[in-house]
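Accompanying notes for the structure given below.
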Amino acid sequence: MSSELEKNSLSCKSEDKGKPPLFKKGIEEKNGIIYDKGEPLAKFIFRMKQFQTYYYKNGNNKYYVRIAFVYKEETVEVDIPYDDLKKGKISKHIPPGFLQSKVFNRSIETMLCDSILGTIADLPKENFICLPFGYNIIKDRYVFNTGDRLINYSQLNHLIPKSDFFMKYSKPIPIQIYRNWISKFLESCNYPPVLLIAALVPYIFPLIDENKRVHYEFVVYIVGKSGCGKTEIAKLLVTPFTDNCNMISLSSDIDAIYDMSAFNDCSVLFDDLNVSDSDDIKRKKERTVAAIVETKQSVGKSIIDGKNTKINALPFITAEYILKREGFINRCLIVNIDDSFDPKNLTWLQKNHNIYISFINSFIDYICKNFKKLKYKVNKNLSNKNYMEDGKDTLRQPRISNIQFILTETLDILSEFIHLSKYTTGDFPSCYSTFVKSINECEEYTEELLKERSMDKEEHLIYELLSEIWDSQFGIVTNNETFFIEDIRNNPQSCPDRFVLYGKIKINHKKKNCFCFRGADTKRYLEHKISDRMIIKKLNEMDLIRTNENTIPVFKKVGMHTRFICLEKNDIANYLGVDHDYSPPDVQDETDISYNQNILNASENYSNCTQSDLDETVYLDFEAQMCGQSKNRTDNRNTLNILDLIEDMPTE
């Protein structure tokens, strides 16, 4: 996705060439060439046009100087980053054919930059407001920024620089064409219809009240054997953009995975968890998957090493097997693909992908135009559904019901959009019921998987133990190291009341927040229903043991060589499906997680609104709010009401 900030040179002829540069003594322009004491320095002249400021919500503002390079009868305007000018770098921005390399050297380059910097204070200013990716509010209008186009932007043309974005598939297509495309999608028995509904969920998700959204977060987990076509169909459904910027391999480095947090209100694809991977690679990928799933139902931001790791988009994950974790399974929409796709159907979808992209654009446009009405309806329906489910014995599976609720709501909005009734007859009679059947099949499949997991009695015992450790309701956890060591020494053959220590434990040369306990004490606490060896085996299978050895001597410095099982707090949180920032009630947790409000600077995901003659004090107030210094916030991501801050903006 191209960045609107990395501007291409725009050739044009202009009568107003701008302000001349401020050259030092001895340098002059003559016959379209710059001379120093009679020696030619550059075979062009240049003029300063304007100073541009790009205001971002995260405070990482960008500054550019627009310069008109003039050579003979040709004028080319270029936006040069202010930082490059300060570093004395301008040669790479000079238009091709203008640069005379034989005489142009580093000293000349520095001189040109100094001349520009000496003039910019007197340049006219132009300010741009950068809209984050996804839904934005401009006054009472909802618009959607895809990074290279703006949806529902009519009557806002005067705010948008036409050179900074372009509209793709902006012409509406008759609803019947969308209905035909959906019918073709449903014709294949190998494409689970629920996948199409899931791909639409992120566009209706902002309709849910912000304080309730966390209950409906989930991950689409597509599982199938190698070569069945799961990756191909996922790519088709999650890419309503001009390139594959929202797709990434699970083998990618952690920084690339963190970059996915720049996307809002759309889907991102993580591909591919393979059976054939080595054990080390599988473990690495599984931890990545577990972290992605965990963060989807965590509150607030997740900041690691100063970077936001919270995935705001809806993750699609393709895999050849399912992670054996109860806390993982009930947070996913698990879509099982048994057979390979019909190549003809797949080819048809690929050839008609432009129809799907137009469909997504039109669907988003429909939501933008009816946002308030749909918001009221969705929240009312979800409240009613939760009320009806109240008291039902869900066996620790409320998330599965919530996933079903949000999928059904999405289907209902889709039905309204394409004028489909639940009772439609004619050319589209079974569409609604086909989608409902597919949603129910996925829910039933997930519940069966959970039942299979619960049949593993040993893992179930350990799951209950970890839940008790985390909740600490039974008083089995202490963070008093002295008390813990003394109690262990005084009870060599019995289980101490508080047999679990919580604190900073060194694992693989790094101190981590860990729960630490002996296998023998655990066996006694579980009334000998499971052996020491089986406890370690199951914890290994659950990927909860991070040490080079299964157990380690934690207190060698105090002469205690007893070996302990040490489990990292974050790993247990991932497995149980709880928030990382949650701590046992009676433990003072020295958590290292910082809830910094900074967001990744992903300039490629922004389009711009502009206004040339804005009052400077308004922009100072606006920038303060961008940097988090204002108390008036309407949304912690991207629903900043720009025109409430900037009033009386002129029209064209």
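Hydrogens, waters and symmetry mates play no part in the numbers below; they use all other heavy atoms, side chains included. All of these numbers come straight from a predicted model, not from anything done at the bench.
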Is any side-chain heavy atom of [X] closer than 4.5 Å to a side-chain heavy atom of [Y]?
X    : Y    : value
I413 : Y366 : yes
E320 : L273 : no
K380 : N384 : yes
I337 : K230 : yes
F218 : N402 : no
Y502 : I469 : no
I565 : C516 : no
F133 : C266 : yes

To the nearest 0.5 Å, what is the distance between [atom1] ([X]) and [atom2] ([Y])?
X    : Y    : atom1 : atom2 : value
N312 : N264 : CG    : CG    : 4.5 Å
I197 : L411 : CD1   : CG    : 4.5 Å
T146 : F263 : OG1   : CZ    : 10.5 Å
E468 : E464 : CD    : CD    : 6.5 Å
M260 : L269 : CE    : CG    : 10.0 Å
I182 : T434 : CD1   : OG1   : 11.5 Å

Any donor-acceptor N or O pair under 3.5 Å, side chains [X], [Y]:
X    : Y    : value
Y321 : E286 : yes
T318 : Y221 : no
K369 : N152 : yes
E441 : N336 : no
D271 : S249 : no
N381 : N379 : no

Criterion side chain to side chain contact (heavy atoms under 4.5 Å, CB included) on V289 and L323, from CA distance to verdict: CA-CA 9 Å; V289 169; L323 270 62; 4.3 Å; yes
Using every non-hydrogen atom in the two residues, find where [X] and [Y] come nearest and quote the distance to one decimal.
X    : Y    : value
K285 : S251 : CE-OG, 3.0 Å
I334 : C442 : O-SG, 3.7 Å
L407 : V201 : CD2-CG2, 3.8 Å
F185 : P193 : CE2-CA, 4.0 Å
I403 : I406 : O-CG2, 3.2 Å
A234 : I222 : CB-CD1, 4.0 Å

Full working for side chain to side chain contact (heavy atoms under 4.5 Å, CB included) between M247 and K235: CA-CA 8 Å; M247 300 181 191; K235 285 181 178 179; 3.5 Å; yes
Whether F363 and F417 hold their rings parallel, tilted or perpendicular, with breakpoints at 30° and 60°: perpendicular
F515 and W470 aromatic ring geometry - parallel, tilted or perpendicular at 30°/60° bounds: tilted
F371 ring center within less than 6.0 Å of Y135 ring center: yes
Between Y216 and F405, ring centroids under 6.0 Å: no
Expected output: side-chain [X] to main-chain [Y] donor-acceptor under 3.5 Å:
X    : Y    : result
N370 : K373 : no
Y356 : Y178 : no
N246 : S267 : yes
R498 : V477 : yes

Residue from D265, V378, I367 passing side chain to side chain contact (heavy atoms under 4.5 Å, CB included) with P206: D265
Side-chain ion pair, K538 and E541, N-O less than 4.0 Å: yes
Intermediate values then yes/no, salt bridge (Lys or Arg N to Asp or Glu O under 4.0 Å), K375 and D209: CA-CA 8 Å; K375 181 180 177 70; D209 288 339; 3.5 Å; yes
Residues L314, F316; criterion side chain to side chain contact (heavy atoms under 4.5 Å, CB included); working and verdict: CA-CA 7 Å; L314 175 63; F316 276 61; 3.9 Å; yes
Cation-pi check, K437 onto Y432 ring (under 6.0 Å, within 45° of axis): no
Q404/N440 under side chain to side chain donor-acceptor pair (under 3.5 Å): CA gap, chis, key distance, verdict: CA-CA 8 Å; Q404 185 181 33; N440 292 337; 2.7 Å; yes
Side chain to side chain contact (heavy atoms under 4.5 Å, CB included) assessment of F517 paired with L501: CA-CA 7 Å; F517 49 89; L501 174 69; over 6 Å; no
